[in-house]
K.L.:
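Sharing a structure with you now.
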Amino acid sequence: MRGRAPFVGLCLSLGCFSAVAGAQGPAARVEDQGPRSRPAPRELRIGTVGTSPGEGIERFLPIRNYLAARLAPADVAAVRIVVAKDLCEMAAWMREGKADLLFDSPFPSLLVRRLAGARFILRRWKRGIAEYRPVLFARKDAGLRVPEDLRGRTIAFEEPFSSTGYFFPKALLRERGLRPILRKEGAPPLGPEEVGYLFSASDENTVVWVLRGKVDAGATDSESLPRRAKGEIGNLVVLCEGPAFPRQIVSARGDLPAGLLEEVRSTLLGMEESEPGRKALDAFEKTARFDAIPEASLASLQAFEAFLEEELPPP
């Protein structure tokens, strides 16, 4: 996930929900100027999160341009891209009507839904992948076979906002009765039910750390593990595989007008049916298509949403 800062832990520790509910936040960074008031009903704003507004805008230009052209007959005056510095700010913008859509992975999407009442409307096949599963893995020669074997051990997570590299694997450990805790230098020995975790900053680092013995286990997704391990995949064993989740989710702010919401939804669903649509999809990070979120995937998301409630401080 390019251009992001490790903000989730900070947001949670500072009471992100309270901040979003009570603060107005800074003006949005957009292509021309930030929103100073609630946008006109027929202006559409695509939200994304990152520390580099220019990069975020460039990444979303193909989908912005396609939506702008297709929605113009529906009296959508403009489609703009707004770049928030973190998910707390994005949630605030959705609550205030300064962002209308969010394209993101499951954990950020769940968080924004929790904080801003956003609605899940579609699944995005980013880089041609419809869904993926979180996996916990270790070296075969480490003697670990199930998650419970990680008691008193250390695991590598990717980053604090990662869906399959942090949030879902952490929840899987909690489901097994384990207590994941952030491992800091000079910390006391781990307790009998504790699993210490470190952040590796990338899936590639996570796999390397496990293979080189820097940590006892790692967390990633079912698609990344064989690709990152390459010829050394035979030296690894999967301890646990979680349920399937959408690779990415398209969310809309909760009070987006029904007519505009349906125009957006039908436009995205129809992209693969035309040559201009297929070209825009390919330019948008090799997206294969947009489709409805399967019921099984929605059930998986709802099951992990309870864990998110435990992670967030009370409003």
K.L.:
Salt bridge or not between E194 and R151? Use side-chain N to carboxylate O under 4.0 Å.
P.N.:
no

K.L.:
Tell me whether R247 is salt-bridged to E131, with the criterion being a basic N under 4.0 Å from an acidic carboxylate O.
P.N.:
no

K.L.:
Any Lys/Arg nitrogen of R127 or E223 sitting under 4.0 Å from an Asp/Glu carboxylate oxygen of the other?
P.N.:
no

K.L.:
Does E305 pair with R114 as a salt bridge, N-O distance under 4.0 Å?
P.N.:
no

K.L.:
Identify the residue among R139, R227, R212 that makes a salt bridge (Lys or Arg N to Asp or Glu O under 4.0 Å) with E232.
P.N.:
R212

K.L.:
Do the charged groups of E263 and R265 touch, with an N to O distance under 4.0 Å?
P.N.:
no

K.L.:
Does either side chain, that of T220 or that of D203, offer a donor lying less than 3.5 Å from an acceptor on the other one?
P.N.:
yes

K.L.:
Working to the nearest 0.5 Å, report the span between OG of S200 and NZ of K214.
P.N.:
9.0 Å

K.L.:
Can a salt bridge be assigned to the pair E148 and R176 using a cut-off of 4.0 Å between side-chain N and carboxylate O?
P.N.:
yes

K.L.:
In chain order, what residues pass the ring pair (Phe, Tyr, Trp, His ring centres under 6.0 Å) check against F168, with sequence neighbours excluded?
P.N.:
F245, F304

K.L.:
Flag the pair R289 and E273 as a salt bridge only when some basic side-chain nitrogen lies within less than 4.0 angstrom of an acidic carboxylate oxygen.
P.N.:
no

K.L.:
When rounded to the nearest 0.5 angstrom, what distance separates OG in S163 from CD in Q248?
P.N.:
8.5 Å

K.L.:
Are D255 and R253 close enough for a salt bridge, meaning some N to O gap below 4.0 Å?
P.N.:
yes

K.L.:
Which residues pass the ring pair (Phe, Tyr, Trp, His ring centres under 6.0 Å) test with F284, not counting sequence neighbours?
P.N.:
F60, F103

K.L.:
The criterion is side-chain hydrogen bond (donor to acceptor under 3.5 Å, both in side chains); which residues satisfy it with Q302, sequence neighbours excluded?
P.N.:
none

K.L.:
Between D291 and R123, does any NZ, NE, NH1 or NH2 come within less than 4.0 Å of an OD or OE carboxylate oxygen?
P.N.:
yes

K.L.:
As an exercise, state the distance from CD1 of I121 to CD of E262, rounded to the nearest 0.5 Å.
P.N.:
9.5 Å

K.L.:
May I ask you to decide whether R278 forms a salt bridge with D282, counting only side-chain N to carboxylate O separations under 4.0 Å?
P.N.:
no

K.L.:
What I want to check is whether the side chains of R124 and T287 have a donor and an acceptor closer together than 3.5 Å.
P.N.:
yes

